[in-house]
Amino acid sequence: MGLKPVPVGQLNNYIGRVLKTDPILSNISVVGEISNLKYHSSGHVYFSLKDDSSRVNCFLSWGNLQNISCPLEEGMEVVAAGFISVYERGGYYSLNVRDI
């Protein structure tokens with residue numbers, strides 16, 4: 001018999017806590033090509049990193065963007081360092097970028 005059913009919010013909260021405490025996912029570097037690059041009016045940057053077989057959504061805060069020395073461009077191959085987190089309200093995960 002399985003565990004008692006949990007609400008969706010509780011599930012996403014638990015997944016978020018697991019991701020934050022995982023030693024690999026809390027400090028990871030990912031190589032890929034920038035796609036779907038969007039500069040938000042808040043100053044944050046949203047994009048995907050992709051390769052031949054998959055993609056991951058990325059978030060770069062305005063504060064961390066200030067430390068990036070070259071402008072980001074669509075199609076640019078980069079190594080992005082950061083941590084994996086879950087957006088609990090939407091139920092999806094992303095790479096929160098600290099540095100490129």
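Please read these numbers as outputs of a predicted model, since none were measured by experiment.
Within the 3.5 Å criterion, the main-chain N or O of Trp62 finds a donor-acceptor partner in the side chain of His44. In this structure, the side chain of Glu33 does not engage the main chain of Leu49 through any donor-acceptor pair within 3.5 Å. Using a distance-only test at 3.5 Å, with no hydrogens or angles considered, no donor-acceptor pair links the side chain of Asp99 to the main chain of Ile68. For the pair Glu88 (side chain) and Gly16 (backbone), a donor-acceptor distance under 3.5 Å is absent.
Distance CD1/Ile34 to CG/Leu60: 9.0 Å, rounded to 0.5 Å. Annotation: the span from Lys20 atom NZ to Ser26 atom OG amounts to 11.5 Å, rounded to 0.5 Å. For the atom pair Asn36 CG and Glu74 CD, the distance stands at 6.0 Å (nearest 0.5 Å). Atom CG of residue Asn27 and atom CZ of residue Arg98 lie 5.5 Å apart, to the nearest 0.5 angstrom.
Under the 4.5 Å side-chain heavy-atom criterion for grouping Ile, Leu, Val, Met, Phe, Trp and Tyr, Val56 is connected to Ile28 within one hydrophobic cluster. By the criterion of side-chain heavy atoms lying less than 4.5 angstrom apart, applied directly or through intervening Ile, Leu, Val, Met, Phe, Trp or Tyr residues, Ile84 is grouped together with Leu11 in one hydrophobic cluster. The cluster map of Ile, Leu, Val, Met, Phe, Trp and Tyr, joined by side-chain heavy atoms under 4.5 Å apart, puts Leu95 and Phe59 in different clusters. Linking Ile, Leu, Val, Met, Phe, Trp and Tyr residues whenever their side-chain heavy atoms come within less than 4.5 Å leaves Ile15 and Phe83 in two separate clusters. Hydrophobic clustering (side-chain heavy atoms under 4.5 Å, transitive across Ile, Leu, Val, Met, Phe, Trp, Tyr) keeps Leu65 apart from Val79.
In summary, the side chains of Arg55 and Asn57 do present a donor paired with an acceptor at a separation below 3.5 Å, with no hydrogens or angles considered.
Listed here is the closest heavy atom pair of Ser85 and Asn96: OG-OD1, 3.1 Å.
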**OP:** Walk me through it: do Phe47 and Val97 pass the test side chain to side chain contact (heavy atoms under 4.5 Å, CB included)?
**Re:** CA-CA 10 Å; Phe47 59 95; Val97 178; 4.0 Å; yes
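Tyr93 OH: 12 or fewer foreign heavy atoms inside a 6.0 Å radius.
With a 4.5 Å cut-off on side-chain heavy atoms, Cys58 and Ser94 do not count as touching. Using a 4.5 Å cut-off on side-chain heavy atoms (C-beta onward), Leu37 and Met76 make no contact.
Relative ring orientation between Tyr46 and His40 is described as perpendicular, the plane-to-plane angle rising above 60° on a 0-90° scale split at 30° and 60°.
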